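Since the structure comes first, as structure tokens, the remarks are kept for the end.
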Amino acid sequence: MAVQTVGIIGAGQMGNGIAHVFALAGYDVLMTDISQDALDKALSLIDRNLERQVSRDRITADDKKIAMARIRTTLKLADLGQTDLVIEAATERETVKQAIFEDLVPHLKPHTILTSNTSSISITRLASRTDRPEKFMGFHFMNPVPVMQLVELIRGIATDEETYKTLHEVVEKLGKTSASAEDFPAFIVNRILMPMINEAVYTLYEGVGSVKSIDESMKLGANWPMGPLELADFIGLDTCLAIMNVLHDGLADTKYRPCPLLTKYVEAGWLGRKTGRGFYDYRGDTPVPTR
Ligand SMILES: CC(=O)CC(=O)SCCNC(=O)CCNC(=O)[C@H](O)C(C)(C)COP(=O)(O)OP(=O)(O)OC[C@H]1O[C@@H](n2cnc3c(N)ncnc32)[C@H](O)[C@@H]1OP(=O)(O)O
Ligand SMILES: NC(=O)C1=CN([C@@H]2O[C@H](COP(=O)(O)OP(=O)(O)OC[C@H]3O[C@@H](n4cnc5c(N)ncnc54)[C@H](OP(=O)(O)O)[C@@H]3O)[C@@H](O)[C@H]2O)C=CC1
């Protein structure tokens with residue numbers, strides 16, 4: 001089944017990056033969110049990120065103009081019923097995702113493929129609440145989407161071969177590389193990465209290191225491009241905590257218990273870059289550790 005129009009639900013950090021790469025690759029994009037402010041912010045961020053690629057001669061000014069013209073926004077979830085492929089990229093809370101799919105399903109065309117950009121939540125469970133589990137997949141982009149090469153493809157227990165093949169072709173058209181993961185908690189990337197980030201928070205919580213020394217150690221000692229606490233702020237501390245809870249609940253192993261300090265930051269609303277403050281305070285000229 002050919003994909004031409006793509007619906008994106010959630011105009012946050014991931015939604016805007018997904019819209020960016022699909023529009024640049026020639027797809028027509030319709031992005032929705034529950035707040036007009038989030039949609040407006042996403043469009044200006046996409047414009048800035050495309051401009052950055054123009055200034056580095058990665059794309060031409062014309063490519064940018066055509067890509068921006070391909071992105072439309074709406075506050076009405078039902079409008080996405082006209083698309084060929086839907087990518088849900090709303091908050092990492094299963095109840096939020098389930099409610100979105102339940103509201104959307106009555107408006108969909110018979111052939112539309114449904115996907116979630118979830119970091120960790122069961123694809124089989126999300127699919128079971130729709131009218132098309134055979135056309136449902138995990139379609140997991142990495143942050144920042146315009147830069148990261150990987151897309152994790154996760155089949156639910158009922159996903160059919162045609163759906164998998166269609167999405168595999170879409171990943172190739174985006175110029176990215178797919179990796180297939182089995183549908184178990186947090187799939188591959190976050191099954192490995194998030195416990196490492198959680199361990200970095202424990203290292204801070206137990207006073208083994210400071211925010212600065214922990215991030216410096218992993219950047220200079222393990223050649224990480226970002227320190228684990230800087231990366232946690234980049235991902236979003238609410239998303240990091242949500243993933244740890246999915247691992248802890250789904251695998252029933254205490255080694256996945258989220259660090260109490262991570263929970264504290266989330267409860268304070270200090271979610272990282274997206275709220276201006278997390279393990280670092282981003283409200284000044286340079287990021288300052290908050291602990
Ligand atoms: C949580 C999940 O479910 C899954 C996940 O995503 S886990 C998180 C995965 N992501 C990571 O691990 C990110 C680790 N960090 C990095 O790779 C790098 O720090 C980084 C690419 C984010 C920035 O790299 P950098 O060298 O410090 O920045 P910089 O040299 O300015 O930018 C490199 C490129 O990235 C782009 N870029 C940087 N930050 C960006 C952003 N926030 N959004 C979009 N593009 C960005 C720049 O435009 C530049 O693009 P071009 O090469 O096309 O010119
Ligand atoms: N952050 C990351 O590094 C990565 C995240 N992911 C996954 O992508 C998804 C989105 O993450 P991220 O972009 O970081 O999250 P953000 O919090 O940045 O964005 C989520 C967006 O979804 C909106 N939203 C909430 N409820 C609804 C709804 N019912 N309908 C439409 N929009 C809604 C939010 O609005 P509001 O803020 O007003 O609630 C917000 O604008 C999550 O599943 C996450 O696990 C995957 C890879 C990497």
Side-chain angles (χ1 to χ4, degrees), residues 7-21 24 31-42 45-59 73-78 80 86-104 115-121 123 126 138-152 154 175 181 186-194 196-197 215 218-219 223-228 230-246 266 269 271-275:
I8 297 170
I9 305 168
Q13 301 180 102
M14 294 308 286
N16 86 74
I18 295 168
H20 174 137
V21 300
L24 213 45
M31 180 162 55
T32 188
D33 196 291
I34 43 178
S35 96
Q36 186 58 48
D37 183 46
L39 290 171
D40 298 341
K41 279 199 182 113
L45 187 54
I46 294 167
D47 190 277
R48 270 208 317 278
N49 284 333
L50 284 168
E51 191 49 45
R52 198 162 32 179
Q53 289 179 304
V54 171
S55 63
R56 295 184 179 185
D57 295 329
R58 303 263 181 188
I59 61 173
T73 63
T74 176
L75 286 171
K76 280 171 62 194
L77 182 65
L80 273 66
V86 172
I87 306 170
E88 175 276 315
T91 313
E92 187 71 344
R93 269 206 304 278
E94 186 158 357
T95 49
V96 168
K97 296 183 184 303
Q98 296 286 23
I100 288 170
F101 288 120
E102 275 167 20
D103 291 349
L104 177 64
T115 69
S116 174
N117 185 54
T118 179
S119 301
S120 61
I121 295 168
I123 300 304
L126 290 174
F139 200 28
H140 183 208
F141 290 82
M142 303 294 141
N143 187 6
V145 180
V147 182
M148 306 309 278
Q149 188 60 21
L150 182 77
V151 182
E152 265 188 313
I154 306 107
F187 320 131
I188 296 174
V189 171
N190 287 316
R191 172 69 182 269
I192 299 166
L193 178 69
M194 214 38 79
M196 287 176 85
I197 288 179
D215 276 353
M218 293 311 287
K219 282 199 286 190
N223 251 2
W224 280 33
M226 280 174 164
E230 181 190 359
L231 178 56
D233 276 354
F234 186 64
I235 291 167
L237 301 187
D238 53 335
T239 302
C240 294
L241 179 58
I243 297 166
M244 287 313 298
N245 283 326
V246 164
V266 173
L271 306 184
R273 278 181 182 273
K274 64 184 178 184
T275 57

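None of these values were measured; they are calculated from a predicted model. Atoms within each ligand, like the ligands themselves, are counted from 1 in listed order.
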Query raised in the report: Which ligand 1 atoms, with their elements, are less than 4.0 angstrom from a heavy-atom of Ile235?
Result: 1 (C)
Query raised in the report: What's the shortest distance from atom 25 (C) of ligand 2 to any protein heavy atom, and which residue and atom give it?
Result: Thr91 OG1, 3.3 Å
**Report entry** For atom 5 (C) of ligand 1, the protein heavy atom that lies nearest, with its residue and separation
**Finding:** Met142 SD, 3.8 Å
**Report entry** Part of Asn143 with heavy atoms under 4.0 Å of ligand 1, whether side chain, backbone, both or neither
**Finding:** both
**Report entry** Within-cutoff protein neighbour (heavy atom, under 4.0 Å) for atom 37 (O) of ligand 2
**Finding:** no
Query raised in the report: Which of the atoms in ligand 1, numbered in the order shown and given with their element, are less than 4.0 Å from a heavy-atom of Ser119?
Result: 2 (C), 3 (O)
Query raised in the report: Do you see a protein non-hydrogen atom under 4.0 Å from atom 27 (O) of ligand 1?
Result: no
Query raised in the report: Between Phe234 and ligand 2, which part of the residue brings a heavy atom under 4.0 Å of the ligand: side chain, backbone, both or neither?
Result: neither
Report summary line: re atom 18 (O) of ligand 2, the protein heavy-atom contact at minimum distance is Gln13 N, 3.1 Å
Query raised in the report: Can you list the atoms of ligand 2 that are under 4.0 Å from a heavy atom of Thr118?
Result: 43 (O)
Report summary line: Per-atom filter on ligand 1: closer than 4.0 angstrom to a heavy atom of Leu193 are 7 (S)
**Report entry** Stepwise salt bridge (Lys or Arg N to Asp or Glu O under 4.0 Å) test for Asp233 and Lys274
**Finding:** CA-CA 8 Å; Asp233 276 354; Lys274 64 184 178 184; over 6 Å; no
Query raised in the report: Quick one: nearest non-hydrogen protein atom to atom 3 (O) of ligand 2, plus distance?
Result: Asn143 ND2, 3.0 Å
Report summary line: Of Ile34, Ile18, Asn16, the one whose closest heavy atom lies nearest atom 32 (N) of ligand 2 is Ile34
**Report entry** Identity and separation of the nearest protein heavy atom to atom 21 (C) of ligand 1
**Finding:** Val147 CG1, 3.9 Å
Query raised in the report: Which of the atoms in ligand 1, numbered in the order shown and given with their element, are less than 4.0 Å from a heavy-atom of Met148?
Result: 10 (N), 11 (C)
**Report entry** Top protein contact for atom 2 (C) of ligand 1, by heavy-atom distance
**Finding:** Asn190 ND2, 3.3 Å
Query - Shortest protein heavy-atom distance from atom 45 (O) of ligand 2, along with the residue and atom involved - result: Ser119 OG, 2.5 Å
Report task. Distance to 0.1 Å, residue and atom name: give those for the protein heavy atom nearest to atom 43 (O) of ligand 2. Result -> Glu92 OE1, 2.6 Å
Query raised in the report: What protein heavy atom sits nearest atom 35 (O) of ligand 2, and how far off is it?
Result: Asp33 OD1, 3.6 Å
Query raised in the report: Hey, is atom 7 (S) of ligand 1 under 4.0 Å from any protein heavy atom?
Result: yes
Query raised in the report: Do Thr115 and Glu88 meet the criterion of a side-chain donor-acceptor pair at a distance under 3.5 Å?
Result: no
Query raised in the report: Considering only heavy atoms, which of Cys240, Ala90, Ala89 lies nearest to atom 42 (C) of ligand 2?
Result: Ala90
Requested in this report: Indicate whether atom 49 (C) of ligand 1 is within a distance of less than 4.0 angstrom of some protein heavy atom.
Outcome: yes
Query raised in the report: Which residue owns the protein heavy atom closest to atom 53 (O) of ligand 1, what's the atom, and how far is it?
Result: Arg58 NE, 3.2 Å
Query raised in the report: So which bit of Ile121 gets within less than 4.0 Å of ligand 2, heavy atoms only: side chain, backbone, both or neither?
Result: neither
Query - Subset of ligand 2 atoms that lie under 4.0 Å from at least one heavy atom of Val96 - result: 26 (N)
Query raised in the report: Nearest protein heavy atom to atom 47 (C) of ligand 2, by residue and atom, and its distance?
Result: Phe141 O, 3.1 Å
Report task. Among all protein heavy atoms, pick out the one at the shortest distance from atom 22 (C) of ligand 1; state its residue, atom name and that distance to 0.1 Å. Result -> Pro144 CD, 3.8 Å
Report task. Tell me which protein heavy atom sits closest to atom 41 (C) of ligand 1, plus the residue, atom name and distance to 0.1 Å. Result -> Arg52 NH2, 3.3 Å
Query raised in the report: Quick one: nearest non-hydrogen protein atom to atom 31 (O) of ligand 1, plus distance?
Result: Arg56 NH2, 3.5 Å
Query raised in the report: What do you reckon, does His140 have a nitrogen or oxygen under 3.5 Å from a nitrogen or oxygen of ligand 2?
Result: no
Query raised in the report: So, is Asn117 polar-close to ligand 2, with some N/O to N/O distance under 3.5 Å?
Result: yes
Query - Side chain, backbone, both or neither: the part of Val145 lying under 4.0 Å from ligand 1 by heavy atom - result: neither
Report summary line: Of Ile100, Leu77, Thr32, the one whose closest heavy atom lies nearest atom 29 (N) of ligand 2 is Ile100
Report task. Output yes when the distance from some N or O of ligand 2 to some N or O of Met14 is under 3.5 Å, and no in every other case. Result -> yes
Query - Distance-only side-chain donor-acceptor flag, Asp40 / Gln36, under 3.5 Å - result: yes
**Report entry** Heavy-atom nearest neighbour in the protein, as seen from atom 17 (O) of ligand 1, with distance rounded to 0.1 Å
**Finding:** Pro225 CG, 3.8 Å
Query raised in the report: So which bit of Leu231 gets within less than 4.0 Å of ligand 1, heavy atoms only: side chain, backbone, both or neither?
Result: side chain
Query raised in the report: Can you check whether a protein heavy atom sits less than 4.0 angstrom from atom 24 (O) of ligand 1?
Result: no
Requested in this report: Between Lys274, Met148, Lys97, flag the one that comes closest to atom 16 (P) of ligand 2 by a heavy atom.
Outcome: Lys274
Query - Options Met226, Met14, Arg273, ranked by nearest heavy atom to atom 15 (N) of ligand 1, top entry - result: Met226
Query - Partner of Thr118 under side-chain hydrogen bond (donor to acceptor under 3.5 Å, both in side chains), chosen from Glu92, Lys97, Glu94, His140 - result: Glu92
Query raised in the report: N/O to N/O below 3.5 Å, does that happen between Ile235 and ligand 2?
Result: yes
Query raised in the report: Between Lys41 and Asp37, is there a salt bridge with N-O shorter than 4.0 Å?
Result: yes
Query - Nearest protein heavy atom with distance in Å, relative to atom 19 (O) of ligand 2 - result: Gly12 CA, 3.3 Å
Query raised in the report: Is there a heavy atom in Gly236 that sits closer than 4.0 Å to ligand 2?
Result: no
